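Throughout, numbering of the chain's residues begins at 1 and tracks the sequence. What you see is a predicted model, and the numbers here were worked out from it, not measured in a lab.
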Amino acid sequence: MKIIMNGMKRTICIFFISTAAVYALLRLVMIVLSFIGFVLVSPSDGKEFIFGTILPDFLFLFIFWFFSYIYFTNKTVTTIIANVIFVLLVLTIIPRLLLGHEYYVIEGEGGKGDYVIRFESYKIAGEAYDGYTFYTYKEVSPFVYQPRDVYTYTNNLNSDVLSDLYRKRYTVIDGNVLILGDFKIHLK
C-alpha cells in the first residue's frame, strides 16, 4: 500500500511541477514577444496580458515550490529557485502596472476584433484642449498584435472622439478605415 501511495504522490507532484514548467515556458514566450515589439491583448476586454498574469505568476510559483518541496530530496535548490523567482515577481509588480496600457478592440466586419488601438494624451501649449496620439495594431495570431501606425489628433472635439471610442460608436469602412467622429484612422 505504501508503494502505491508513493507512486501516486510522485505522479501528482510530477504533474503539477510539469504544469508549472509549461506555464513558465508560455510566460517566457510572452516576454520575448513583448520585447520584440508585439503586444499581447485580450480581445474580449482589451486588457494587456501584463496585468492579467500577475496573480497566475504567483499561483504557479507556489505550485512549483510546494510540489517541488514534496518531490525532490534536495530542498535547498528548489527553495533558492522559488525565492529568486518570487523576488523577481515582487520587484516587477509596479513596473508592470506602470508600463501596461489599455487597448480598445475595434470590431470590424463580422464582429471580428482584427485590430486594437490605444491612445495617449498630451497637453498642447496655449490651447484649451489636449492632443491625442492613436497607435494602431493588427492581429497576427490570437492575442498577439503587431504595431501598425501612429496618428495624431488635435481638435476641440477630442472628448467626443474618446466618448465614441469608449462607447464603440464608430464605423469601419472597407475593413481598414476607422471613423471616430470626423477623425479617420487607417488600420492597414
(message) Surrounding CG of Leu91 (heavy atoms of other residues, nucleotides or ligands, distance under 6.0 Å), is the total greater than 12?
(response) yes
(message) Please give me the minimum heavy-atom distance between Val105 and Ser42, naming the atom from each residue.
(response) CG2-O, 4.1 Å
(message) Quick test of your reading: applying ring pair (Phe, Tyr, Trp, His ring centres under 6.0 Å), list the pairs with at least one residue in residues 83-107, sequence neighbours left out, ordered by first then second residue.
(response) Phe58-Phe86, Tyr103-Tyr137, Tyr104-Phe119, Tyr104-Tyr166
(message) Would you say that Phe72 contacts Val77 through its side chain, given a criterion of any heavy-atom pair below 4.5 Å between the two side chains?
(response) no
(request) Would you sort out whether Phe15 and Thr11 count as a side chain to side chain contact (heavy atoms under 4.5 Å, CB included), showing the intermediate values? (result) CA-CA 6 Å; Phe15 171 77; Thr11 303; 5.6 Å; no
(request) Consider only side-chain heavy atoms of I, L, V, M, F, W and Y, link residues closer than 4.5 Å, and tell whether Ile93 and Leu88 are in one cluster. (result) no
(request) Begin with the C-alpha distance, continue with both residues' side-chain angles, and end with the deciding distance and a verdict on side chain to side chain contact (heavy atoms under 4.5 Å, CB included) for Ile63 and Thr19. (result) CA-CA 9 Å; Ile63 289 170; Thr19 303; 5.8 Å; no
(message) Going by ring-ring contact (aromatic ring centres under 6.0 Å, His included), name the residues that satisfy it together with Tyr23, two or more places apart in sequence or in a different chain.
(response) Phe60
(message) Do Ile117 and Tyr135 make a side-chain contact, defined as non-hydrogen atoms from C-beta onward lying under 4.5 Å apart?
(response) no
(request) Drop me the distance from Leu33's CG to Ser141's OG, to the nearest 0.5 angstrom. (result) 7.5 Å
(message) Please say yes or no: joined through hydrophobic side-chain contacts below 4.5 Å, possibly via intermediate residues, are Val140 and Val29 part of one cluster?
(response) yes
(message) In this structure, would Val39 and Ile31 fall into the same cluster of hydrophobic residues linked by side-chain contacts under 4.5 Å?
(response) no
(message) Quick one, Ile85 and Asp57 - any side-chain contact, counting heavy atoms below 4.5 Å?
(response) no
(request) Only one of Phe66, Phe67, Trp65 passes ring pair (Phe, Tyr, Trp, His ring centres under 6.0 Å) with Tyr69; say which it is. (result) Trp65
(request) Say whether Thr53 and Arg96, considering side chains only, have a donor N or O and an acceptor N or O under 3.5 Å apart. (result) yes
(message) Tell me whether the count of non-hydrogen atoms from other residues, nucleotides or ligands lying under 6.0 Å of CG in Leu98 goes above 12.
(response) yes
(message) Please report the interatomic distance CZ(Arg118) to CD(Glu102), rounded to the nearest 0.5 Å.
(response) 12.0 Å
(request) State yes or no: do Phe64 and Val90 share one hydrophobic cluster built from I, L, V, M, F, W and Y residues joined by side-chain heavy-atom distances below 4.5 Å, directly or via other members? (result) yes
(request) For residues Ile106 and Val116, determine if any side-chain heavy atom of one lies less than 4.5 Å from a side-chain heavy atom of the other. (result) no
(request) Side-chain contact test, heavy atoms from C-beta onward, threshold under 4.5 Å: evaluate it for Val150 versus Thr133 and give yes or no. (result) yes
(message) Are the side chains of Tyr71 and Arg10 in contact, using a 4.5 Å heavy-atom criterion?
(response) yes
(request) Check for a donor-acceptor pair, side chain of Ser68 on one end and backbone N or O of Thr78 on the other, with a separation under 3.5 Å. (result) no
(message) Would you compute the distance between atom CZ of Arg27 and atom CG of Leu89 and round it to the nearest 0.5 angstrom?
(response) 8.0 Å
(request) Using atom types as modelled and distance alone, determine if a side-chain donor or acceptor of Lys138 lies under 3.5 Å from a backbone N or O of Gln146. (result) no
(request) Would you indicate whether the side-chain heavy atoms of Lys9 and Ile70 approach each other to under 4.5 Å? (result) yes
(message) Do Met30 and Val22 land in one hydrophobic cluster if side-chain heavy atoms of ILVMFWY residues count as linked below 4.5 Å?
(response) no
